[in-house]
Number of protein chains: 2
Amino acid sequence: MVRVYVDERERTSGIPNILKAMGLTVIFKILSIADYVISENIAIERKRIDDFVSSVFDGRLFDQARRLCKAYDKPIFIVEGDLNYVKRITTKWSSILGALISLALDFNLPIIFTSDTRETAEVIKYIALREQKTSKTGKKTTIIAVSKKPRLTETHEWQEYIVQSLPYIGPKLAKRLLEYFGSVHKIFNASVSELAKVEGLGEKRAAEIVRIIKAQYMPHPGSKRLRKLTSFLEEK
Amino acid sequence: MVRVYVDERERTSGIPNILKAMGLTVIFKILSIADYVISENIAIERKRIDDFVSSVFDGRLFDQARRLCKAYDKPIFIVEGDLNYVKRITTKWSSILGALISLALDFNLPIIFTSDTRETAEVIKYIALREQKTSKTGKKTTIIAVSKKPRLTETHEWQEYIVQSLPYIGPKLAKRLLEYFGSVHKIFNASVSELAKVEGLGEKRAAEIVRIIKAQYMPHPGSKRLRKLTSFLEEK
DNA sequence: ATAGCCGGGTGGTGA
DNA sequence: TCACCACCCGGCTAT
């Protein structure tokens with residue numbers, strides 16, 4: 001039985017229904033990062049082409065790509081929609097091309113293009129099936145562990161994820177820190193010297209982390225949005 | 001000066017001329033495996049879409065992919081032509097989709113789609129340029145032509161990023177929380193009712209956030225007992 | 001002898 | 001996946 005974990009936000013996309021019709025077991029969860037999780041290591045981020053384009057320009061894309069790669073060994077990007085249409089309407093096509101190349105080369109992030117939800121579902125099914133079948137590739141990284149739940153919404157996953165958001169902290173250090181301190185709260189209240197006691201984290205980086213945590217928030221100076229927010233605060 | 005080695009067979013494709021017109025130095029060679037070689041490790045195989053399709057069915061594709069990957073650290077596949085057209089005329093589109101997925105997942109082979117020779121040349125140039133720049137100057141040049149602010153180096157960017165890692169918190173709430181509390185540290189020390197004062201965040205979700213922040217870290221629920229490293233902290 | 005300094009190797013992060 | 005860089009550790013020096 002092939003199981004696919006689907007993020008709640010994808011519920012309305014129509015893809016889960018197609019997957020069900022194809023005979024897959026769909027399980028809805030609140031996934032923090034990806035849209036579809038096939039196994040512990042394999043996750044798919046689906047983006048409609050228009051969203052993809054705007055995420056290139058507002059900078060969200062690389063954030064998301066970074067998060068995806070951080071959290072999963074085998075992340076996959078699906079871009080859904082008509083590329084040619086976008087080529088025609090945008091003057092900044094080369095930026096998008098650049099982004100695609102960067103995703104592929106810097107992040108080693110496989111990108112699949114599909115034309116509609118139906119095809120996206122097909123691709124997801126294909127990937128899920130091939131993951132379950134015997135791995136003729138022999139790669140040790142492809143753990144066929146569909147039986148084991150990703151448990152992305154489990155507390156400790158969230159804790160690790162939060163700690164990973166700190167600069168210089170990846171999966172390894174996040175776990176070490178949590179094991180050492182016992183909770184997110186304690187990490188965020190630790191002093192520089194306490195943090196630096198953890199193997200792999202020195203004074204310099206620890207100091208930077210503490211600096212950012214303690215720093216007064218000073219949002220974009222001169223931003224129009226700021227005005228709104230500050231006035232919002234004023235009325236409080 | 002950017003140099004590109006081009007296989008003799010590509011001479012007639014028109015791409016070398018476009019590259020020359022773009023200011024690159026084109027050197028023709030008889031390359032056994034790839035079509036374009038940018039550096040010692042980087043090679044590009046260009047395939048017109050019809051050739052790509054037939055190579056899927058006669059089995060040439062995977063042979064070539066294997067050889068490419070063996071010979072170069074960073075092989076890149078460019079598929080040139082109108083995908084939609086092929087989708088329409090072939091009944092075996094899913095085989096092609098499968099081949100694309102396999103290339104991406106099994107061979108870790110980045111695939112770039114271009115619509116014509118002009119665009120192929122653009123991509124080659126882009127890759128050649130970025131290769132020269134990154135290898136010489138280090139990471140300095142993020143070539144993504146987005147005028148915005150791709151760098152996450154600013155303190156407030158990090159603050160927002162960290163706060164966003166909390167469940168239920170997206171970009172908007174992250175900013176609001178930071179505006180309201182003034183620092184990451186204060187947010188991570190806030191009580192449920194304090195958090196819930198922020199517009200858009202209710203008691204229920206606030207409680208969940210606090211729970212995760214304060215929760216004891218239990219990496220393997222139910223298995224081995226976690227070492228009491230927290231007591232070690234106390235003596236400080 | 002011990003404490004602090006330096007330089008090479010490495011693991012981990014970030015893109 | 002790959003490059004880079006802070007971190008770690010072992011050795012050396014000098015008091």
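Reminder, nothing fancy here: chain letters follow the sequence lines and each chain counts from 1.
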> Is there a donor in the side chain of A:Lys214 and an acceptor in the side chain of B:Ser183, or the other way round, less than 3.5 Å apart?
Replying inline: no

> Partners of B:Tyr5 by ring-ring contact (aromatic ring centres under 6.0 Å, His included), sequence neighbours excluded?
Replying inline: none

> When the ring planes of A:Phe77 and A:Phe52 are compared, do they come out parallel, tilted or perpendicular, using 30° and 60° as the limits?
Replying inline: perpendicular

Protein N or O to nucleotides 7-10 of chain C N or O, pairs below 3.5 Å:
none

> Given atom CG of A:Asp106 and atom P of D:dT1, what is their separation to the nearest angstrom?
Replying inline: 15 Å

Would you be so kind as to tabulate the donor-acceptor pairs closer than 3.5 Å made by side chains of residues 105-113 of chain A, with sequence neighbours excluded?
unit_1   : atom_1 : unit_2   : atom_2 : d
A:Asp106 : OD1    : B:Arg130 : NH1    : 3.4
A:Asp106 : OD1    : B:Arg130 : NH2    : 2.8
A:Asp106 : OD2    : A:Ser102 : OG     : 2.8
A:Asp106 : OD2    : B:Arg130 : NH2    : 2.6
A:Asn108 : ND2    : B:Asn108 : OD1    : 3.1

> For A:Arg176, which contact category applies under a 4.0 Å heavy-atom criterion: base, sugar-phosphate, or nothing?
Replying inline: sugar-phosphate

> Quick one: do the B:Tyr217 and A:Glu160 side chains pair a donor with an acceptor below 3.5 Å?
Replying inline: yes

> Under a 4.0 Å N-O cut-off, is there an ion pair linking B:Arg211 with B:Glu208?
Replying inline: yes

> To the nearest 10 degrees, how far apart in direction are the end axes of the helix from C:dA1-D:dT15 to C:dA15-D:dT1, each fit to five base pairs?
Replying inline: 10°

> Looking at residues at least two apart in the chain, or sitting in another chain, which of them share a ring-ring contact (aromatic ring centres under 6.0 Å, His included) with B:Phe181?
Replying inline: none

> C:dA15 P sits how many Å from A:Tyr168 OH, rounded?
Replying inline: 10 Å

Find every protein N or O atom lying less than 3.5 Å from an N or O atom of nucleotides 3-5 of chain C, and list the pairs.
none

> Rounded to the nearest Å, what distance is computed from the CG atom of residue B:Asn41 to the C1' atom of nucleotide D:dT1?
Replying inline: 13 Å

Heteroatom pairs (N/O) under 3.5 angstrom, protein to nucleotides 6-10 of chain D:
unit_1 : atom_1 : unit_2   : atom_2 : d
D:dA6  : O4'    : A:Arg205 : NH2    : 3.2
D:dA6  : O3'    : A:Arg205 : NE     : 3.4
D:dC7  : OP1    : A:Gly202 : N      : 3.4
D:dC7  : OP1    : A:Arg205 : N      : 3.0
D:dC7  : O5'    : A:Gly202 : N      : 3.4
D:dC8  : OP1    : A:Gly200 : N      : 2.7

> Can you name the residues that form a side chain to side chain donor-acceptor pair (under 3.5 Å) with A:Glu8, not counting sequence neighbours?
Replying inline: A:Arg11

>> Which residues pass the side-chain contact (heavy atoms from CB on, under 4.5 Å) test with A:Arg67, not counting sequence neighbours?
In response: A:Ile33, A:Tyr161, B:Tyr161, B:Gln164

Pairs under 3.5 angstrom only: tabulate donor-acceptor contacts from the side chains of residues 59-66 of chain B to other protein residues two or more places apart or in another chain.
unit_1  : atom_1 : unit_2  : atom_2 : d
B:Arg60 : NH1    : B:Asp58 : OD2    : 2.6
B:Arg60 : NH2    : B:Asp51 : OD1    : 2.7
B:Asp63 : OD1    : B:Arg66 : NH1    : 3.3
B:Gln64 : OE1    : B:Lys47 : NZ     : 3.0

> What salt bridge (charged side-chain N to carboxylate O under 4.0 Å, His left out) pairs are there with at least one residue in residues 71-80 of chain B, not counting sequence neighbours?
Replying inline: B:Arg46-B:Glu80

> Taking only residues two or more places apart in sequence or in another chain, which ones pass salt bridge (charged side-chain N to carboxylate O under 4.0 Å, His left out) with A:Asp50?
Replying inline: A:Arg48

>> Measure CG/B:Asp73 against C1'/D:dT1 and give the value in whole Å, please.
In response: 10 Å

> To the nearest Å, how far apart are A:Glu160 CD and C:dT13 P?
Replying inline: 12 Å

>> Let's see if you can work this out: which of C:dT13, D:dT1, C:dA15 has an atom nearest to the side-chain heavy atoms of B:Asn108?
In response: D:dT1

> When you check the phosphate oxygens OP1 and OP2 of C:dG14, does a side-chain N or O of A:Lys70 lie under 4.0 Å from one of them?
Replying inline: yes

>> From CG of A:Leu61 over to P of C:dA15, roughly how many Å is that when rounded to an integer?
In response: 13 Å

>> Is it true that, when you exclude A:Lys204 itself, more than 12 heavy atoms of the residues, nucleotides or ligands shown sit nearer than 6.0 Å to its NZ?
In response: no

> Atom CG of A:Leu173 to atom C1' of C:dG12: distance rounded to whole Å?
Replying inline: 7 Å

> Between C:dT13 atom P and B:Tyr161 atom OH, what is the distance in whole Å?
Replying inline: 13 Å

> Is there a side-chain contact between A:Lys87 and B:Ser115, using heavy atoms and a 4.5 Å cut-off?
Replying inline: yes

